[in-house]
Amino acid sequence: MKNIAVLGSTGSIGTQTLEVAERNGDIRVTALAAGSNIALLEQQIRKFHPSTACVWDEKKAMELRENVRDLDVTVLSGMDGLIAAATEKEAEIVVTAVVGMIGIRPTIAAMEAGKDIALANKETLVTAGHLIMPLAKEKHVRILPVDSEHSAVFQSLNGEAGNKIHKILLTASGGPFRGWTRERLAGVQVEDALKHPNWSMGRKITIDSSTMVNKGLEVMEARWLFGVEMDQIQVVVQPQSVIHSMVEFEDGAVIAQLGTPDMKLPIQYALYYPERRYLPGARLDFAALGQITFEAPDMEVFRGLALAYQAGKRGGSLPTVYNAANEYAVARFLKKEIPYLTIIDMIAEAMEHHKTVEHPSVDQILEAEQETYEFIESRW
Ligand code: NDP
Ligand code: MG
């Protein structure tokens, strides 16, 4: 039996994590947390019987508490509740599948409590990687990547203990607007951007994939996870999403992980590492596939990717500004309040305006986040 806590259990990664747990039958779910979807959270509580549940929204938490009165579960709310769910004493692995920078504090709290982290919440590493990675070492906890590209790199490094990475080749599908011009992108509507060609994901990451900001965040995530320089990470567009990422070693050998686009594979791999388990679903059929093609990303049209390299190379609090501006802009775009290309303008201007703080503490990261929101609000 393995005990896990799932933060963001009602989302795309959260629900797939619970599917993996249910199918395997030897995982106990001891804590669940969500933002406001108490209808689904209640179903999950009734199925998995966690001892702790958290709903960010205080009112919804009260409602849920009433609805599950017949069960032996403590329903908490807010950041204190999220941290309590992340540190629930029986959990060995905490799956961080909340969306956004809200994941920083609970992730740190879980690590301090000695839990391994199955990390989906890339925003945490992007903004606080310089704090998270040393903490993992100090507390002897593992950060097991759930993001498919990072899981692919992680799998490609198996059996390579000590061998230096020459380069990480991070693959990208290119999103729904691959090959488009800036002029054409200007007219993109929310509905267009929510259609990803290969992966079915939450709304925010789907928009991020369309702008290639997701890939930018992933470059920064990879830099911390695998201890390489930004320049050692190259983005390769591979529209079929068959190669999930690759590692080039010093002798020029390239090791890759391939598969169908199914997040249950990296989720299950993180939960059972280093063991592989049977996973039902479609398999790669190379003859039917015919070919796998490659191209370079267009960093002029997809400026969000170029800005990520700039933020990651500068480091300090600048990646936080990149991420916070994007979170804010995407939320506004999803509400149809700003045009598509304004997402990237907001990131660029917020980065330009910001005075970078070196090695920011958690408080300084959250201050930089707040300042970024205020700057954008004053400007747009
Ligand atoms: P979703 O939007 O589908 O789910 C987000 C989850 O977080 C929901 O359970 C939501 O609850 C919960 N949540 C939101 N705000 C809060 C809060 N304040 N407190 C507690 N819980 C909260 O996102 P995804 O599953 O797509 O993505 C989650 C993370 O994983 C992101 O960081 C993303 O970048 C990363 N990721 C996702 C992939 C995917 O395939 N989806 C692939 C690789 C990485 P509620 O439902 O109640 O709002
Ligand atoms: Mg990914």
Side-chain angles (χ1 to χ4, degrees), residues 5-19 31-44 52-61 63-64 75-86 94-107 117-127 145-154 170-173 175 194 196 198-209 212-222 225 235 238 241 243-245 257 261-267 270 323 326-327 330-331 334:
V6 186
L7 311 182
S9 64
T10 53
S12 162
I13 296 290
T15 50
Q16 292 183 85
T17 302
L18 294 179
E19 274 176 52
L32 292 173
S36 62
N37 185 351
I38 55 169
L40 181 54
L41 186 57
E42 179 176 343
Q43 286 175 25
Q44 294 177 341
T52 305
C54 173
V55 187
W56 180 260
D57 185 298
E58 170 71 39
K59 276 209 191 91
K60 298 264 181 181
E63 214 179 301
L64 179 67
V75 180
L76 306 165
S77 69
M79 184 50 83
D80 289 347
L82 197 51
I83 289 177
V94 176
V95 182
T96 62
V98 293
V99 58
M101 286 177 66
I102 195 89
I104 298 177
R105 285 198 191 278
T107 304
I117 306 294
L119 185 124
N121 180 242
K122 61 190 83 181
E123 295 90 343
T124 290
L125 268 193
V126 168
T127 56
V146 167
D147 210 343
S148 59
E149 294 78 359
H150 306 74
S151 177
V153 171
F154 187 55
L170 215 59
T171 52
S173 71
L194 283 177
H196 193 278
N198 306 328
W199 296 93
S200 155
M201 310 176 283
R203 282 157 64 86
K204 189 237 172 199
I205 185 176
T206 304
I207 302 295
D208 291 352
S209 298
M212 289 197 82
V213 164
N214 180 52
K215 209 48 57 181
L217 294 171
E218 288 182 354
V219 172
M220 293 190 264
E221 182 186 10
L225 271 175
V235 173
Q238 193 270 279
S241 295
I243 301 180
H244 297 315
S245 277
Q257 185 252 330
D262 181 355
M263 285 307 297
K264 287 201 271 307
L265 192 154
I267 291 168
N323 180 71
N326 179 61
E327 282 188 23
V330 169
L334 282 168

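Just so you know, ligand 1 is whichever comes first in the structure, and atom 1 is the first atom listed for that ligand. Below, each value reflects all heavy atoms present in this structure, side chains not excepted, and no hydrogens, waters or symmetry copies.
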Stepwise side chain to side chain contact (heavy atoms under 4.5 Å, CB included) test for Q257 and F154: CA-CA 9 Å; Q257 185 252 330; F154 187 55; over 6 Å; no
Worked check of side chain to side chain contact (heavy atoms under 4.5 Å, CB included) between L225 and D147: CA-CA 11 Å; L225 271 175; D147 210 343; over 6 Å; no
State the [atom1]-[atom2] distance between [X] and [Y], to the nearest 0.5 angstrom.
X	Y	atom1	atom2	result
M101	N326	CE	CG	12.0 Å
L194	T206	CG	OG1	6.0 Å
E149	I243	CD	CD1	12.5 Å
T96	L119	OG1	CG	4.0 Å
I104	L125	CD1	CG	10.0 Å

Using a 4.0 Å heavy-atom cut-off, which part of [X] comes near ligand 1: side chain, backbone, both, or neither?
X	answer
E123	side chain
C54	neither
M263	side chain

Verdict with reasoning, R203 to V330, per side chain to side chain contact (heavy atoms under 4.5 Å, CB included): CA-CA 9 Å; R203 282 157 64 86; V330 169; over 6 Å; no
Quick one: look up the protein heavy atom nearest [atom] and list residue, atom name and how far away it is.
atom	answer
atom 23 (O) of ligand 1	G202 CA, 4.0 Å
atom 11 (O) of ligand 1	G35 N, 2.9 Å
atom 19 (N) of ligand 1	W56 CB, 3.4 Å
atom 34 (O) of ligand 1	K122 CE, 3.2 Å
atom 20 (C) of ligand 1	A34 O, 3.3 Å
atom 43 (C) of ligand 1	D147 OD1, 3.1 Å
atom 4 (O) of ligand 1	G11 CA, 3.1 Å

Counting only heavy atoms, tell me which of [options] gets closest to [atom].
atom	options	answer
atom 31 (C) of ligand 1	I13, T17, I102, V98	V98
atom 5 (C) of ligand 1	V99, N121, V95, T15	V99
atom 33 (C) of ligand 1	D208, I205, T206	I205
atom 48 (O) of ligand 1	A120, A33, S36	S36

Is there at least one pair of N or O atoms, one from [X] and one from ligand 1, spaced under 3.5 Å apart?
X	value
G14	no
N37	yes
S12	yes

Quick one: does any side-chain atom of [X] pair with a main-chain N or O of [Y] as donor and acceptor, under 3.5 Å?
X	Y	result
S77	D57	no
Q16	S12	yes
Q238	T171	no

Test side chain to side chain donor-acceptor pair (under 3.5 Å) applied to E123 - qualifying residues, sequence neighbours left out: N121, K204
Which residues share a side chain to side chain donor-acceptor pair (under 3.5 Å) with S241, sequence neighbours left out: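 S241: side chain to side chain donor-acceptor pair (under 3.5 Å) contacts with N198.
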Audit row: E218, K215, salt bridge (Lys or Arg N to Asp or Glu O under 4.0 Å) steps and yes/no: CA-CA 5 Å; E218 288 182 354; K215 209 48 57 181; 2.7 Å; yes
Among the N, O or S atoms of D147, the one nearest the Mg ion (ligand 2):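 Considering only N, O and S atoms, D147 comes nearest to the Mg ion (ligand 2) through OD1.
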Near [X], which atoms of ligand 1 are under 4.0 Å from a heavy atom of that residue?
X	answer
M201	39 (C), 40 (O), 41 (N)
A97	5 (C), 6 (C), 7 (O), 28 (C)
G8	6 (C), 7 (O), 9 (O), 12 (C)
S9	9 (O)
T10	8 (C), 9 (O), 10 (C), 11 (O), 45 (P), 46 (O), 47 (O)

The Mg ion (ligand 2): angle it makes with OE1 (E149) and OE2 (E218), nearest 10 degrees: 100°
Heavy-atom gap K204 to ligand 1 smaller than 4.0 Å: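 No.
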Check: N214/K122 side-chain N/O donor and acceptor closer than 3.5 Å: yes
